[in-house]
Amino acid sequence: MLSPADLLSFLNERGGREYRVQALLHTGRGRKAAVRELGEYWLTARGETVQATGPSGQTRDLTHTDFLSVFGSYTFGPAQPTGRLTDLGPLFS
């Protein structure tokens, strides 16, 4: 499980690559604890923004602060690379 801050660091280290993650929401405590799957998100870090495409297919560009604000109460499953590169800069450096 990744916290939003851990996921943001992971994405920043691999800027330009798209990753698919499952968003999870933990609810309740003790015996009533449950984990709800909120859907898959496709995320790409590009400089000071994160491009996030949600389960509905809608894409948003979020600043790092906005990303942490929107996804702050979630945890995420393992990040899976989609194989899509959105920034060709690393190929030429």
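- Thr75 OG1 to Leu24 CG: the interatomic distance, rounded to the nearest 0.5 Å, is 4.5 Å.
- Here Asn12 contributes atom CG and His64 contributes atom NE2; the two are 4.0 Å apart, rounded to the nearest 0.5 Å.
- For Tyr41 and Tyr19, the gap between ring centers reaches or exceeds 6.0 Å.
- Separating the CZ atom in Arg20 from the CD atom in Gln80 is a distance of 6.0 Å, to the nearest 0.5 Å.
- Rounding to the nearest 0.5 Å gives a distance of 10.0 Å between CG of Leu2 and OG of Ser9.
- A single hydrophobic cluster is not seen to contain both Phe10 and Trp42; linkage of ILVMFWY side chains at heavy-atom distances under 4.5 Å, directly or through other members, places them apart.
- Tested against Phe71 for a side chain to side chain contact (heavy atoms under 4.5 Å, CB included), the candidates Asp66, Leu7, Leu62 yield a single pass: Leu62.
- Side-chain atoms of Leu43 and Val21, non-hydrogen and from C-beta on, do get closer than 4.5 Å to each other.
- Side-chain contact annotation: Glu18 with Thr82, donor-acceptor N/O pair under 3.5 Å present.
- When all heavy atoms of Tyr74 and Ala23 are compared, the closest pair comes out as CD1-CB, 4.2 Å.
- Here the shortest heavy-atom pairing between Pro55 and Gly39 reads CG-CA, 3.9 Å.
- For Glu40, the CD atom is densely surrounded, since the number of other residues' heavy atoms within 6.0 Å is greater than 12.
- Two residues are said to be in side-chain contact when any heavy atoms from C-beta on lie closer than 4.5 Å; Thr44 and Leu11 fail this criterion.
- Residues Val35 and Leu25 have side chains not in contact (no heavy-atom distance under 4.5 Å, counting atoms from C-beta outward).
- Taking CG of Leu8 as the start and OG1 of Thr65 as the end, the distance is 9.0 Å to the nearest 0.5 Å.
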